[in-house]
**Student:** 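Below you'll find the structure I mean.
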2 protein chains.
Amino acid sequence: MSDFDYKQLDDIIHSRIRLAIMALLVSVDSANFVYIREKVKASDGNLSVHIRKLENVKYVSSNKKFVDRKPVTTYKITLLGHKAFETYINRLSNLLDK
Amino acid sequence: MSDFDYKQLDDIIHSRIRLAIMALLVSVDSANFVYIREKVKASDGNLSVHIRKLENVKYVSSNKKFVDRKPVTTYKITLLGHKAFETYINRLSNLLDK
DNA sequence: AATTTGTACTTTAATTTATAAAGTACTTTA
DNA sequence: TAAAGTACTTTATAAATTAAAGTACAAATT
C-alpha cells in the first residue's frame with residue numbers, strides 16, 4: 001500500500017472526538033468519564049455516544065463502580081485498541097510525509 | 001492550547017477523503033481530477049463533492065479547460081490551504097505525541 | 001449514420017454520523 | 001423538602017458521507 005488511499009485510515013478511530021479520546025487513553029493507563037470529558041472538551045452526550053462506539057469495537061473497555069455513593073466509569077484502552085491506534089498512526093504518517 | 005481538545009482540528013481538513021486530497025495536493029503542485037481520484041481511490045461522486053468543499057473554503061483552486069476536446073479540471077492547493085494544512089499537522093502531532 | 005461504450009465530471013437521494021437536547025437515577029446543598 | 005448538582009444515557013435533529021443516477025460530450029462499434 002503506502003499511498004494516498006483514504007480508506008486505509010480506520011474510520012472508527014479517525015473521527016476527531018474519538019481520535020482525541022484514543023490519544024488521551026494511550027497516554028494515561030486509565031481515565032474516568034469526567035476526566036476525559038474535560039480533557040477532550042466534549043459534551044456529556046457526545047462523549048457517551050463516541051466512547052460507546054470505541055467500546056463496541058473493543059478498542060476501549062469500561063468499568064463501572066460507585067465511589068462515595070456516586071457512579072464512576074473508568075475507561076482503559078485495550079490491547080486491540082492499542083494495536084489499532086498504532087496502525088492508524090503509521091498509516092497516517094505515511095500518508096502525510098510525502 | 002496544546003491539549004486534547006478535539007475541536008482544535010480543522011474539520012474541513014480532517015475528513016479522511018479530504019485529508020488524503022490535501023496530502024496529495026501539498027506534495028504535487030497540481031493534479032487533475034482523474035489523477036486525484038485514482039490516487040485517493042475515491043468514486044467520481046465523492047471526489048467531486050469533497051474537492052468542492054475544499055474549493056468553497058478556498059483551500060484548493062481549480063482550472064477547467066479542454067484537452068483533446070475533453071474536459072480536464074486541474075486542482076492546486078492555495079496559500080490559505082497550505083497554511084491551514086500546516087496548522088492542522090501541527091495540532092495533530094501535538095495531540096498525538098504525548 | 002445510428003447505437004453503444006467510455007470519459008469527466010455534477011447532481012440528487014439515501015444512509016450514516018455527529019451533535020445537542022432532553023431524560024434518568026440518583027446525591028448534595030440550601 | 002425542594003432545588004441544584006453529578007454522572008451518565010437516550011432520543012431527535014442537523015450535518016456529513018456515500019452511492020447512484022444524470023449530463024454532456026467523444027470515440028468506437030455495428
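Lettering of chains follows the sequences in order, A, B, ..., and the numbering in each one begins at 1. Keep in mind that what you see is a predicted model, and the values were worked out from it rather than measured.
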**Student:** Identify whether any heavy atom of B/Val72 sits under 4.0 Å from a base atom; if not, whether one sits that close to sugar-phosphate; answer base, sugar-phosphate or nothing.
**Tutor:**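 Sugar-phosphate, backbone atoms only, no base.
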**Student:** Can you tell me how far P of D/dT17 sits from CG of B/Leu19, to the nearest Å?
**Tutor:**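 That distance rounds to 12 Å.
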**Student:** For a quick check under 3.5 Å, do A/Lys58 and A/Thr78 share a side-chain donor-acceptor pair by atom type?
**Tutor:**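 Not at all, the side chains of A/Lys58 and A/Thr78 share no donor-acceptor pair under 3.5 Å.
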**Student:** If you check the B/Ser43 side chain, which of D/dA19, C/dA18, D/dT17 turns out closest?
**Tutor:**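 Ranking D/dA19, C/dA18, D/dT17 by closest atom to the B/Ser43 side chain puts D/dA19 first.
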**Student:** May I ask you to say what A/Arg16 touches in the nucleic acid, namely base, sugar-phosphate or nothing, with a heavy-atom cut-off under 4.0 Å?
**Tutor:**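 Result for A/Arg16 = sugar-phosphate.
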**Student:** Do A/Arg37 and A/Asp44 meet the salt-bridge criterion of a basic N to acidic O distance under 4.0 Å?
**Tutor:**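 Answer for the salt bridge query: yes.
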**Student:** Quick one: do the A/Lys76 and A/Ser30 side chains pair a donor with an acceptor below 3.5 Å?
**Tutor:**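 No, no side-chain donor-acceptor contact under 3.5 Å.
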**Student:** Is the phosphate of C/dA18, meaning OP1 or OP2, less than 4.0 Å from a side-chain N or O of A/Asn46?
**Tutor:**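 For A/Asn46, the contact criterion (side-chain N or O under 4.0 Å from OP1 or OP2 of C/dA18) is not met.
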**Student:** Starting the side chain at C-beta, find the nucleotide from C/dT28, C/dT10, D/dT17 nearest to A/Lys70.
**Tutor:**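 Among C/dT28, C/dT10, D/dT17, the one nearest the side chain of A/Lys70 is C/dT28.
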**Student:** For DNA chain C, which residues of residues 50-58 of chain A approach it to below 4.0 angstrom with any heavy atom?
**Tutor:**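 Contacts with DNA chain C under 4.0 Å: A/His50, A/Lys53.
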**Student:** Take A/Asn32 and A/Tyr6, find for each the nucleotide of DNA chain D with the closest heavy atom, and name the residue whose nucleotide sits nearer the 5' end.
**Tutor:**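 First, find each residue's nearest nucleotide; the 5'-ward one identifies A/Asn32.
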**Student:** Closest approach to the side chain of A/Lys64, judged atom by atom: which nucleotide of D/dA7, D/dT9, C/dT19 is it?
**Tutor:**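 In terms of side-chain proximity for A/Lys64, the closest of D/dA7, D/dT9, C/dT19 is D/dT9.
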**Student:** Please determine, by modelled atom types, if B/His14 and A/Arg16 share a side-chain donor-acceptor pair under 3.5 angstrom.
**Tutor:**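 There is no such pair between these side chains.
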**Student:** If I take atom CG in residue B/Leu47 and atom C1' in nucleotide C/dT7, what distance separates them, rounded to the nearest angstrom?
**Tutor:**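 Going from B/Leu47 (CG) to C/dT7 (C1'), I get 14 Å.
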**Student:** State, without any angle test, whether B/Tyr88 and B/Asp11 hold a side-chain donor-acceptor pair at a distance under 3.5 Å.
**Tutor:**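 The answer is no; no qualifying pair exists.
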